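Since we're looking at a predicted model, the values are computed, not measured.
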Amino acid sequence: MISTQDWADARRVWEYHQMGHSPRPCSVAIGLGSHDLGVADTAVDLYKRGMAPLLLFTGATSPTTRERMPRGEAVHYRERALELGVPSTAVLVEPRARNTGENIRFSRELLEEGGIEVSSVLLISKPYEERRAYATARKLWPEVEVVSASTPMTLDQYVDSIGDARLVIDMLVGALQRLMIYPEQGFMISQPVPADVREAYERLRQAGFTSRLLTTDAPSA
């Protein structure tokens, strides 16, 4: 059972994970690979609204995407974008990245190798990964402006789309843990975590939402 307090805490953590940026025109839109094709859909929507002249999708496969996206997350995202009418000349693919840090590093390298000047990045992720993606990009690509974006939706809508409320809350808790410990390991910039968010996080941990928590001392970014 998920209690009323659990839901309240999950909503507070969900809200914290979102940066609240307003999309604005950037040099490139980068879609971070995952199980969620909604990232590709949102990237296409922003492209069609004139928010970026170029889309770059980044991501290999993971245990959660290998069956659904056997050709790799970035490749499937590209295929989705082409289905939705984006010209192939406006879509780049970075197929090697296996974590958020690699998403940023490899995307930056690909754009530099292509001679594409970048002063700003529209960074598109799952809704609860906005802050993590932002903090990682600011650490690894500090000279560019970073604007976070995701599919506009509530926690309830996201839970409905995934179909597993406990898993979603586990992911929220795991993402927040990384935001708190990764800066010390050099993976991202430090983000202030309000006291009420920390308290919500601790209650959710104590309630058993722990399947996505890291237990190693040197996790991958």
With a 4.0 Å cut-off, would you call Glu143 and Arg108 a salt bridge? yes
Charged tip of Arg131 within 45° of Tyr16 ring normal and under 6.0 Å: yes
Rounded to the nearest 0.5 Å, what separates atom CG in Leu56 from atom CD1 in Ile30? 5.5 Å
Using the six-membered ring wherever Trp is involved, compare the ring planes of Trp14 and Tyr158 and label them parallel, tilted or perpendicular (cut-offs 30° and 60°). tilted
Is the distance between the ring centroids of Tyr134 and His21 less than 6.0 Å? yes
Any ion pair linking Arg12 and Glu199 (charged N to carboxylate O, less than 4.0 Å)? no
Arg78 charged N/C atom sitting above Phe57 aromatic ring, 6.0 Å / 45°: no
In the single-linkage hydrophobic clustering (I, L, V, M, F, W, Y; side-chain heavy atoms under 4.5 Å), do Val118 and Met51 co-cluster? no
Option among Val144, Leu92, Val121 that satisfies the side chain to side chain contact (heavy atoms under 4.5 Å, CB included) test with Val28: Val121
Any donor-acceptor N/O pair, Ser120 side chain to Ser27 backbone, under 3.5 Å: yes
Between Arg203 and Asp6, is there a salt bridge with N-O shorter than 4.0 Å? no
Any side-chain to backbone donor/acceptor pair from Arg178 onto Tyr182? Under 3.5 Å, distance only. no
As an exercise, state the distance from CG of Leu140 to CZ of Phe187, rounded to the nearest 0.5 Å. 9.5 Å
